Structure formats: structure tokens, C-alpha cells
Protein chains: 2
Amino acid sequence: MKVKKSIAPMGRPRAFDVDEALDRALQVFWRKGYQGTSLSDLTRAMGINRPSLYAAFGDKQSLFRKVLDRYADGPAAYVREALNKPTARAVVERLLGGAIDLLSDPRTPQGCLTVQGALSCGEAIDAVRQELNTRRAAGEAAIRERFERAKAEGDLPKDANPGDLARYVATVMHGLSVQAAGGASRAELRRIARTALRAWPQ
Amino acid sequence: MKVKKSIAPMGRPRAFDVDEALDRALQVFWRKGYQGTSLSDLTRAMGINRPSLYAAFGDKQSLFRKVLDRYADGPAAYVREALNKPTARAVVERLLGGAIDLLSDPRTPQGCLTVQGALSCGEAIDAVRQELNTRRAAGEAAIRERFERAKAEGDLPKDANPGDLARYVATVMHGLSVQAAGGASRAELRRIARTALRAWPQ
DNA sequence: TAAATTTTGTACCACTCGGTACGAATCTAA
DNA sequence: TTAGATTCGTACCGAGTGGTACAAAATTTA
């Protein structure tokens, strides 16, 4: 299925698929968090040995960053999709609904990788925590900008505060992640979202 | 300052104060999470050596449980206090306000011990995660019962769902914890709470 | 004083952690 | 066939992990 590039690389070829190995690593980090995942966990799940991992992905932090990118483009892609909805109300409904679908998907861990991933990190891995904070902040900023547009379009009332609303939506989403990690069912998450929506303007 | 009990214990007396050592341990666990805290971190902060820790508090999990009790009776005591407020509205306002005050207190870590403590735990320490889930669920149940009483007293509308409302409040609180851990200021947390309160009945 | 009891500090245990050195294996290019 | 390049697997590194054995020290009871 793969189109051969003009020249095949020299040397011994890789015995594993890079993208598939990355997906396996994502599963492990998602389930166990950054700190709870050991290199042995990773190599076992990825089906490769340690030096191959280092050669292909760099050290643990570097691999985790690549996994975060893959997460944003895969399971968490609903965020970008939600931002394209026509109205602010539709955006927030899709954001909460997408989060709930993901958090309660029985095939994946009950929780959000960026929320669970590094909340309980020690100071030693401050770099990882900062990375996750940065990414969460970027997501929140994207939501705020979308709401600013909605306000300009008259889709949100003139007295609405896009920043406050974005922060509120992000907060509810994070809270949903904690609830899901604690065992809340999809139905329960939906009821929480319905209650949260009562705070919405109009 | 201490009243001497009828008989002093035999053997060599302890060279440290148990409660103070527990407070020091709380600070460490709160800041670094269960998994991010090593025994060396603990003994250094508590000013005692390893065998003394084990003799006085048991192993790491046992010490963590004692720390959780101390947390509930100390920094998180606002929850019990909030449940005694006269109206459901006052209860939820005190719950959110107390959480915000705690989360944004510069003297303590920005985050909730039970939320950050074990979200990113591996399977090996499932016991700790379960313990924290159980405690969070118990807190949520207490809020629900308080809202059921409020409904019976006519303090909440007849069509209000105490369970949904309690879950919603807990979710917002957990989300606030994540926001605080990400660096949100007290003022920002307050605005989130104000937005969240718009979902409240009446 | 002497025995019994408890805590203290040192020094250690087996194990796991993240990370790497190095030679054998497998490919392309000449 | 040979030389060069790259990956693979084994075997290892120092450091840190949670937890403990043991003897010296400090206290109460007899």
C-alpha cells in the first residue's frame, strides 16, 4: 500500500511500522500517564527493543511529545471539528459531546491524555507538565477566538464574555475527564453536560 | 503543652512530633502526587529516617491514607462546612468559593490533593487510585444528600434533580482544580464559578 | 543496678528506572 | 563480491526505588 520513494534508504531496513508503534505508545501513555509508564512498558507494547526506540523517537520526553501530536490529530480531533460549527451553541455542544464520546469509549482509556497525563508529576518532570499546560491553554485560546467571532456575528449576546465562556467550557471538559476516570458512565456524563449547558447565554 | 497521659510509654521516646511529621508529608504528597513522591522526599521533609517512618506510619500507601484523612480535616474542611449552609444555593456557593480559596492559596500547592494525587497512576498502584475515587464519590454523595434535603424543604424546585446537580458541582470543582494547576489566578477561577452558577435552578 | 522495651541511625537488600556501548545482522551502492 | 550504512538484539551502566536487618541508644519497670 506504500508508494516507494525514489530511492530506498541505505542500510538495514526497519522491522516495525513507525506509525503503528506510535499508536501503541499512545495507548500506554494514555492508560498509565507519563510518569506511570516505564520504558519497559513501552518496548513491550510497541514490540521493539530499547535502542530501536531511541533511534526512532528519541528519549522518553521526545516520544511523549510525538504521542501528544498523534493524540491531537486522532482521538482529540473532535476539538478542531467542533470549532468549525456554525454557531457558538453548536460549538459548545459538539465540544462537550465529543469529549463525552471519547471519555466513555470502551475501546480507549476513560480519561483525557492531557489531563491525566501529568497532573501528579514531580518537579523533576516539570518540562512535561509545562508542555501539557501549554497545549491545554492553546486549546482554550482557540475556543475563545471562536466565541469572539460568534459575538461579532451576533451569534452571542453583546454582553457575553468570550474569554469567560471559553474558560468555563474548558473547565467543564476537564471536570468530565476526572469524572470519567472515576468511573462515570456515558449517560451520567451526558446529564452533567446538559446541566452545564443551562449556564449558556439565551 | 501536652497533657501527660496516666503512664508514659516504655522504651525510648520518639524524637519527633507525629502530627507535625504528618503535615510535612501532606505538603510533599500534595505538591508531587503519590507517584512522584519518593521515600527519600518524605524522610527529608519530615526530618526523620526511614525505619522511624515505617514504625510510625507503616508503608507508603498507609502513610498516604493517613495524609488523606488529615487533608479532609484540614485544608478541605470547607466541604463539610459548606454542607451546613441553610440553602442549596448557599451550599454550592460555599463549595465553589471554598475550593477557589484553597486552590489559589499561595501558601499551598495549586491543585487538589485528591484530584492531582493519583490521576496518572499506573496499574501497579490501582489501590491508591481506587481509594481516591472512593473518597471523591463519598464527597459527591454527601452533596447529593444535602440537595435532596433542600428539595424536600422547598429550597430547590420540584423538578430539580439533586443527583445531577451534585455531579455537576463536583465536575466544576474538579475542573477548577485542573485550571488552578495550569496557573489560573483566583480572579479567573471566580469568573468561572460565576458562569457555572448561571446553570443553577431559579 | 539490671532487665525489658522501644526508637534511632547506619548500612544494606533486591529491584527497577532511563539510557547506552557494541558487535552481529541486513540492507544499498559500487 | 566488497565496502559502507543502518538497524537489531544483548548485555550492561549508574542511579534511584521501596523496604528492612541490626546493633547502639534511651527510656520505664523491677
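Chain identifiers are assigned alphabetically (A, B, ...) following the order of the sequence lines, protein sequences preceding nucleic acid strands; residue numbering begins at 1 within each chain. It should be emphasised that the depicted structure is a prediction, and the values quoted were computed from it without experimental measurement.
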- Task: Calculate the interatomic distance between B/Q35 atom CD and C/dC17 atom P; express it in whole Å.
- Result: 11 Å

- Task: Could you state the atom-to-atom distance from CZ of B/R12 to P of C/dT6 in whole Å?
- Result: 14 Å

- Rounded interatomic separation in angstrom, taking CZ from A/F16 and C1' from C/dT26: 15 Å

- Between B/G11 and B/Y54, who's closer to the 5' end of DNA chain D by nearest nucleotide? B/Y54

- Given the options A/L53, A/L39, A/T37, A/L26, A/L63 meets side-chain contact (heavy atoms from CB on, under 4.5 Å) only with A/L53

- Query: So, is B/R14 close to the C/dT7 phosphate, meaning a side-chain N or O under 4.0 Å from OP1 or OP2?
  - Reply: yes

- Message: Can you tell me if A/S38 touches the phosphate of C/dT16, counting only side-chain N or O atoms and a distance under 4.0 Å to OP1 or OP2?
- Response: no

- Query: NA contact type, A/T43, heavy-atom cut-off 4.0 Å: base, sugar-phosphate, or nothing?
  - Reply: nothing

- Whole angstrom is fine here: how far is it from CE in A/M46 over to C1' in D/dC8? 15 Å

- Message: On the side chain of A/R50, is there an atom forming a donor-acceptor pair with the base of C/dG18 - under 3.5 Å, no angle test?
- Response: yes

- Task: Can you figure out which of C/dT8, C/dT10, C/dA21 approaches the side chain of A/P51 most closely?
- Result: C/dA21

- Message: Counting only side-chain nitrogens and oxygens, does A/S40 get under 4.0 Å of the OP1 or OP2 atom of C/dC17?
- Response: yes

- For B/N49 and C/dG9, is the shortest distance between a side-chain N/O and OP1 or OP2 below 4.0 Å? yes

- Task: Answer with base, sugar-phosphate or nothing: what part of the nucleic acid does A/A15 contact at a heavy-atom distance below 4.0 Å?
- Result: sugar-phosphate

- Selected nucleotide, minimal atom distance to B/L39 side chain, candidates D/dG18, C/dT8, C/dG19: D/dG18

- Query: Do B/R31 and B/T108 have a side chain donor and acceptor closer than 3.5 Å?
  - Reply: no

- Task: Take the protein atom CZ of A/F57 and the nucleotide atom P of C/dG18, then report the distance between them rounded to whole Å.
- Result: 17 Å

- Task: Kindly determine whether B/R65 and B/Q61 satisfy side-chain hydrogen bond (donor to acceptor under 3.5 Å, both in side chains), including the steps that lead there.
- Result: CA-CA 6 Å; B/R65 256 173 267 252; B/Q61 281 199 27; 2.9 Å; yes

- Query: Hey, does the Lys NZ or Arg CZ of A/K60 hover above the aromatic six-ring of A/Y34, less than 6.0 Å from the centre and inside 45° of the axis?
  - Reply: yes

- Ranking A/D41 and B/I48 by the position along DNA chain C of their nearest nucleotide, the one closer to 5' is B/I48

- Interatomic distance where CZ belongs to B/F64 and C1' belongs to D/dG19 [whole Å]: 19 Å

- Specify the separation, in whole Å, of atom NZ of B/K32 and atom P of D/dG18. 11 Å

- Most 5' of B/P13 and B/D59 on DNA chain D, judged by nearest nucleotide: B/D59

- Shortest non-hydrogen contact from B/P157 to B/K151? O-CG, 3.8 Å

